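Take a look at the structure set out below.
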Amino acid sequence: MILGFDHVGVQTTEKQPNENWVAHSRVWVTNPRKHPHMIEFLRYEPDSPTPQFVKDNIHIAYRVDRLEDHLGDGEIVIPPFQVEEMARVVFLRANGLLVEYMEYLNDGAWFDEG
């Protein structure tokens, strides 16, 4: 079940206030809950292993109750991985969009909210 909209991820090359580090992707991210339009800014390190398709496109993120239930919803671009103790995520190409499904592990708290 999709529990609801979470955020829109937008790439940037400029350092943002209060960035959080995602080691798996080698990317800095901001907390979308602190943006009036629920935007997460992503700033990739030059050696990020993230696929170019992800780096070049915005994404829409949804909260889900169980990640495995959504793996067939599109072409997997980044297989499921865990972001710290915050969430398990997967990135898919679905219906012409880049979609992120997030299964939160800590009552939905972001890095700096836990």
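Since we're looking at a predicted model, the values are computed, not measured.
Clustering ILVMFWY residues whenever any of their side-chain heavy atoms sit less than 4.5 angstrom apart, transitively, puts L105 in a cluster other than the one holding L71. Both L42 and V83 are members of a single hydrophobic cluster when ILVMFWY side chains are connected at heavy-atom separations under 4.5 Å. At a threshold of 4.5 Å between side-chain heavy atoms, the hydrophobic network of Ile, Leu, Val, Met, Phe, Trp and Tyr places F91 and M86 in one connected group.
For the pair R93 and F53, the distance from NZ or CZ to the six-membered ring centre is under 6.0 Å and the angle to the ring normal is within 45 degrees. In this structure, R63 forms no cation-pi arrangement with F5, as its terminal cationic atom is not both closer than 6.0 Å to the ring centre and no more than 45° off the ring axis.
Ring-centre distance between H7 and H59: below the 6.0 Å cut-off.
Atom CD in E40 sits 10.5 Å away from atom CZ in R33 (nearest 0.5 Å). We find the NZ-CD distance between K55 and Q11 to be 10.5 Å, quoted to the nearest 0.5 Å. Note that CG of N95 is 10.0 Å distant from CD1 of I60, once rounded to the nearest 0.5 Å.
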May I have the step-by-step check of side chain to side chain contact (heavy atoms under 4.5 Å, CB included) for V22 and W28, ending in yes or no?
CA-CA 6 Å; V22 180; W28 296 94; over 6 Å; no

When you look at R43 and E19, which way does the salt bridge (charged side-chain N to carboxylate O under 4.0 Å, His left out) test go after all the steps?
CA-CA 9 Å; R43 184 172 59 87; E19 292 176 319; 2.6 Å; yes

Run the numbers on M38 and D6 for side chain to side chain contact (heavy atoms under 4.5 Å, CB included), then give the verdict.
CA-CA 7 Å; M38 300 299 288; D6 195 81; 5.8 Å; no

How far apart are the C-alpha atoms of Y62 and V99, what are their side-chain angles, what is the distance that settles it, and do they pass the side chain to side chain contact (heavy atoms under 4.5 Å, CB included) test?
CA-CA 8 Å; Y62 296 96; V99 177; 3.9 Å; yes

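For CG of D56, the number of neighbouring non-hydrogen atoms (other residues, nucleotides, ligands) closer than 6.0 Å is greater than 12. Residue E85 qualifies as open at atom CD: its count of foreign heavy atoms under 6.0 Å is 12 or below.
When every heavy atom of M102 is checked against every heavy atom of L67, the shortest pair comes out as N-CD1, 4.4 Å. V29 and W110 make their closest contact through CG2-CZ2, 4.3 Å (heavy atoms, listed as atom of the first residue, atom of the second, distance). For the pair T30 and F41, the tightest heavy-atom approach, listed with the atom from each and the gap, is OG1-N, 2.8 Å. Shortest non-hydrogen contact noted between S25 and T50 is O-OG1, 3.4 Å. Heavy atoms only, all atoms of each residue included: L98 and V77 are closest at CD1-CG2, 4.5 Å. Here the closest heavy-atom approach between residue L92 and residue Y101 is recorded as CD1-CE1, 3.4 Å.
You'll find the side chain of P79 stays beyond 4.5 Å of the side chain of V90, heavy atoms only.
A donor-acceptor contact closer than 3.5 angstrom is absent between the side chains of W21 and E84.
Between E68 and R88 there is a salt bridge, since a side-chain N of the basic residue sits under 4.0 Å from a carboxylate O of the acidic one.
Checking side-chain atoms of H37 against main-chain N and O of I39 turns up no donor-acceptor pair under 3.5 Å.
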